[in-house]
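Worksheet: the structure to be examined is printed underneath.
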Amino acid sequence: MNSVNWNGIVESLLFAAGDEGLSLKQISAVLEIGEIEAKDKMNEIIQMYNSDPNRGLQVLEIGGTYQLATKKEFAIYLKRLVESPSSTSLSQAALETLAVIAYKQPITRIEIEEIRGVKTERPLQTLTAKALIKEVGRAEGNGRAYLYGTTKEFLDAFGLKDLAELPKLPEQSEDDEFAQNEADLFFDTLKQV
Amino acid sequence: MNSVNWNGIVESLLFAAGDEGLSLKQISAVLEIGEIEAKDKMNEIIQMYNSDPNRGLQVLEIGGTYQLATKKEFAIYLKRLVESPSSTSLSQAALETLAVIAYKQPITRIEIEEIRGVKTERPLQTLTAKALIKEVGRAEGNGRAYLYGTTKEFLDAFGLKDLAELPKLPEQSEDDEFAQNEADLFFDTLKQV
Amino acid sequence: MQHYNVKIDAFEGPLDLLLHLINRLEIDIYDIPVAEITEQYLIFIHTMKELELDIASEYLVMAATLLAIKSKMLLPKHEEDEFDEDLDVEMEEDPRDELVERLIEYRKYKEAAEELKELEQERSLMYTKPPSDLAGIAKDATPEKANLDVSLYDMLGALQKLMRRKKLQKPLSTKVARQEIPIERRITEILTVLKSFRGRKNFNDLFTIHNREHVVVTFLAVLELIKRKEIQVTQENNFADLFVESTEAS
């Protein structure tokens, strides 16, 4: 071997880092290459893992860090061997609250409650304790209520690279279109009169 | 692919098993093959890892269990990673350890390792050096292992008045059945020690 | 009038309940028949009251809102006499508008919550490992007591990772060994004990093994025996110990 064995090095680094993951900064520091080059390398490596069916592992990119994880298709085998704590399973109330925060952050409790139509203290406590949300600041104006936002742990728990990867909200435009048609229909009816 | 992907399955199994490793018995049970056949497969796989320079990992056979580990030749990079200045903030390993101690103190190292599933010497050293934890006594029974607890500096660092101010874990709130199971799991883990 | 066998805690609040009613009645959300939906909503609330369940104040506020909208809808519409230049205005002044807007907004996040749930499930199929302990590798990198740039959230986050991580099952055989105790067998055992005892036996003494499964099976066996009238259970007075005896022996 006369060249640097990037794949081997990165695999050993990722393995050691476990679910703490490695940032691009750490990778480029250890490999002594620039971050852009490191990023290219990581993309190559991600590709390599994904395209090789002999590999049971994949590289996840989550909230700015890379981490190794088993491929989904092997979950059936792992389930025979490993206890699943199902620890992240959230109540409906918590999931709804989390959805509102994820899409509308930063947002105050009152604003969340307006959208949900119910008190939301308990779900906020649960989500905070599960480190899925945190206080990210204070709202202007009277009360200076806490503003909530999602955490890196949130991205990890839902397997997201970043917030931009959140599924698109059920589009309002469709509803609007629908409403528009209705309105058109209404107008048409009137014209006929 | 029309045949079973042994390599992929075994890799994912070994990865998830981590430091605890897998016995031949477990492997043959999950793969639903005989132990002799499983042993042959494992030898093949060990060979495969060793002969592929692109792999940063190897399969070790220690005391009848197989486990994944990084190859020795990459140790220098791991050293660089550990020594790279993540400086002021704590590693996840340290944070995890600290969290377990904070919520379960007084607690022995063995108990912490049982909960975390990995060796915890270094995090304990780090936390002790940073004065966030200290030895608070000795456990009863054989070995009389050290018991760890948090310090006043811990409270200061996290802006807590006292330990009662630690956020309630979701599993500590009674009315969440789901969380209760989680708590049971958590405590069962402890009881097994 | 139909009755609802739905628990109020099956709903995440009045908006959720309204969406449920709208779906159930196959109503167009943009053209809600307020009278009908209000009636259904109130029936629901009344049922809850009869069942003496706590009804969160939000449900009552919504009931009032619905009634207010209903009464506004009943007011004569002057606009209809006017020309169509006012049509836009008329659309906006529909007393239902605000509620419809809230329902649609809420529905958006309710659906998003479903998607999150799926993502979470998918994520749970991917297993990770804890960071390795590299104590042996880095020799004397003794960290000093520096200022810590960590928050409680970081610690909770690390703890969550730990909780989420799956744990390797001990020996695979423990799972297999934990087979169920057949109730029939336990029934026979209990009968044998009672018959040989010839007299009343304290109910608590039947629970010889203190694990959950054994306790449950024993309890079920006792219930079955009572049903079959093979044993008799007596109690002197409230809260006193229960005594069990075989009907055959007595």
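To find a chain, count down the sequence lines: A is the first, B the second, and so on, and within it residues start at 1. For the numbers below, each heavy atom of this structure counts, side chains included, while hydrogens, waters and symmetry mates do not. A quick note: this is a predicted structure, and the numbers were derived from the prediction, not measured.
- The shortest distance between side-chain heavy atoms of Leu169(A) and Glu115(C) does not fall below 4.5 Å.
- For the pair Ala113(C) and Ala99(A), the tightest heavy-atom approach, listed with the atom from each and the gap, is N-CB, 3.9 Å.
- Under a 3.5 Å cut-off, the side chain of Glu58(C) and the backbone N or O of Lys119(A) do form a donor-acceptor pair.
- Once rounded to the nearest 0.5 Å, the distance linking CG of Leu116(C) with CG of Leu160(A) reads 8.0 Å.
- Between Ala131(A) and Leu156(C), the shortest heavy-atom distance links the atoms CB-C, 3.6 Å.
- Under a 4.0 Å N-O distance rule, the pair Asp156(A)/Arg123(C) qualifies as a salt bridge.
- Rounding to the nearest 0.5 Å gives a distance of 3.5 Å between CD of Glu122(C) and NZ of Lys72(A).
- Once rounded to the nearest 0.5 Å, the distance linking CD of Glu105(C) with NZ of Lys104(A) reads 5.0 Å.
- There is no contact between Leu22(A) and chain C, counting heavy-atom distances below 4.5 Å.
- Below 4.5 Å, heavy atoms of chain C meet no heavy atom from residues 29-47 of chain A.
- From Glu114(C), atom CD reaches atom CD of Gln92(A) across 5.5 Å, with rounding to the nearest 0.5 Å.
- Interatomic distance, CZ of Arg165(C) versus CG of Asp19(A), reported as 4.5 Å (0.5 Å rounding).
- Interface residue Gln58(A): only side-chain heavy atoms are found under 4.5 Å from chain C.
- Annotation: side chain of Thr128(A) is in contact with side chain of Tyr153(C) (closest heavy-atom distance under 4.5 Å).
- Using a 4.5 Å cut-off between heavy atoms, Ala17(A) contacts chain C through its backbone alone, with no side-chain atom that close.
- Residue contact with chain C, scored on non-hydrogen atoms closer than 4.5 Å, is absent for Ile76(A).
- No donor-acceptor pair closer than 3.5 Å links the side chain of Tyr109(C) to the backbone N or O of Ile101(A).
- For Phe74(A), no part lies near chain C; criterion is any non-hydrogen pair under 4.5 Å.
- Here Leu152(C) contributes atom CG and Lys134(A) contributes atom NZ; the two are 12.0 Å apart, rounded to the nearest 0.5 Å.
- When atom types are taken as modelled, the side chain of Lys130(A) and the backbone of Gln160(C) share no donor-acceptor pair closer than 3.5 angstrom.
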Inset, instruction - Go through Met126(C) and Leu78(A) one step at a time and tell me if the side-chain contact (heavy atoms from CB on, under 4.5 Å) criterion holds. - result: CA-CA 10 Å; Met126(C) 300 179 261; Leu78(A) 288 163; over 6 Å; no
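- Looking at Leu68(A), only its backbone comes within 4.5 Å of chain C, counting heavy atoms on both sides.
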